[in-house]
Q: 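Pasting a structure below so you can have a look.
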There are 2 protein chains.
Amino acid sequence: MEPHEPDLTAVPVTAVLAALADDVRLQIVRALAEGGEAACGSFDFGVSKATRSHHLKVLREAGLTRTRAAGTSRLVRLRRDEVDKLYPGLLDAVLTSRPQA
Amino acid sequence: MEPHEPDLTAVPVTAVLAALADDVRLQIVRALAEGGEAACGSFDFGVSKATRSHHLKVLREAGLTRTRAAGTSRLVRLRRDEVDKLYPGLLDAVLTSRPQA
DNA sequence: GAGCTTGTTCGAGAATTGTCGAACAACGGT
DNA sequence: ACCGTTGTTCGACAATTCTCGAACAAGCTC
């Protein structure tokens, strides 16, 4: 069972935007942008682990993250370079916005 | 009845992204970016006028467009400068992506 | 004023999405 | 081998969103 990490060019731009258009997922992306690779469990934003797993799947299938197994954990990281190359300014614009707006 | 055009800084970034994360609305934004101000009726992307009106409302309430009355029509335009200032690169990233992805 | 054009608003239905608990799977340590 | 930890998957339910036709409102023209 592959993690299903698509080529970013194959993902509709609306799917990328939709992936970023959620508070929980945006918090995950912010954490990844700031802290680099992190275990799934390190994201605790007030949702159940089932919900968190769902959000990570959305991000992964939108081509925004990559996941690799590490023991009993899974490490997630942002596909920063690829996203920046295909959508220059997108992540910057989203990430530098004050978290509250 | 006001058009309800919020200050862009008052709109959550997730709402802005969600507004852009739809095919019909993205086509509208593209058309506005390319052709400047346009009447609501000029957008014909295969949806009913009720649906089109709904999408224009979403864009307006996300702070992305402004609307002004002009006779029996309403002219819509992109708030390009404001968006670019608050989210540099966002519109560029979205608009320059080939329409099909 | 009658009639046409242009848009908005009002339900309502279909589809998608976010959320959860419970069950399952894989790994590591004792 | 057992157990605890870490995640994923499976229904299920609630909420949101997209879509439409019909009704309504406002403005122009005859």
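Residue numbers begin at 1 in each chain, while the letters A, B, ... track the order of the sequences.
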Q: Val13(B) and side-chain contact (heavy atoms from CB on, under 4.5 Å): which single residue from Leu26(A), Thr96(A), Leu95(A), Leu20(A) fits?
A: Leu26(A)

Q: Where each residue is assigned the nucleotide of DNA chain D containing its nearest heavy atom, which of Ala50(B) and Val58(B) is assigned the position nearer the 5′ end?
A: Val58(B)

Q: Return the value, rounded to whole Å, for the distance between atom CZ of Arg74(B) and atom C1' of dG27(D).
A: 11 Å

Q: I want to confirm an ordering. Mapping Thr72(A) and His54(A) to their closest nucleotides on DNA chain C, which one lands closer to the 5' end?
A: His54(A)

Q: On DNA chain C, compare the nucleotides closest to Gly71(A) and Arg52(A); which residue's is nearer the 5' end?
A: Arg52(A)

Q: Which whole-number value in Å describes the distance from Lys57(B) NZ to dT16(D) C1'?
A: 14 Å

Q: Please state how far atom CG in Asp44(B) lies from atom C1' in dT19(D), giving the value in whole angstrom units.
A: 15 Å

Q: Report the distance from atom CG of Leu56(A) to atom P of dT6(D), rounded to the nearest whole Å.
A: 15 Å

Q: Rounding to a whole Å, what distance do you find between Phe43(A):CZ and dG7(D):P?
A: 9 Å

Q: Report which part of the nucleic acid His55(A) touches: base, sugar-phosphate, or nothing (heavy-atom distance under 4.0 Å, all strands).
A: sugar-phosphate

Q: Is Asp23(B) paired with Arg30(B) through a side-chain N to carboxylate O contact shorter than 4.0 Å?
A: no

Q: Please state how far atom CD in Glu5(B) lies from atom P in dT8(C), giving the value in whole angstrom units.
A: 12 Å

Q: If the cut-off is 4.0 Å, is Ser73(B) near the phosphate of dT5(C), judged by side-chain N/O to OP1 or OP2?
A: no

Q: NA contact type, Ala39(A), heavy-atom cut-off 4.0 Å: base, sugar-phosphate, or nothing?
A: sugar-phosphate

Q: Starting at CG of Asp23(A) and ending at P of dT17(C), how long is that distance when rounded to a whole Å?
A: 17 Å

Q: Measuring to OP1 and OP2 of dT8(D), would you say a side-chain N or O of Ser53(A) lies under 4.0 angstrom away?
A: yes

Q: What's the CG-P distance between Leu59(A) and dG7(D), to the nearest Å?
A: 15 Å

Q: Picking from dA23(C), dT19(D), dT19(C), which would you name as closest to the side chain of Lys49(A)?
A: dA23(C)

Q: Give a yes or no on whether a salt bridge exists between Glu5(A) and Arg68(A), defined as a side-chain N under 4.0 angstrom from a carboxylate O.
A: no

Q: Please assess His55(B) against Asp22(B) for the test side-chain contact (heavy atoms from CB on, under 4.5 Å), listing each intermediate value before the final yes or no.
A: CA-CA 9 Å; His55(B) 286 307; Asp22(B) 177 278; 3.7 Å; yes

Q: Look at Arg80(A) together with Asp92(A) and state whether they make a salt bridge at an N to O cut-off of under 4.0 Å.
A: yes

Q: Nearest to the side chain of Arg60(B) - dT8(C), dC18(D), dG21(C)?
A: dT8(C)

Q: Is there a side-chain contact between Arg25(B) and the phosphate of dC18(D), meaning an N or O under 4.0 Å from OP1 or OP2?
A: yes

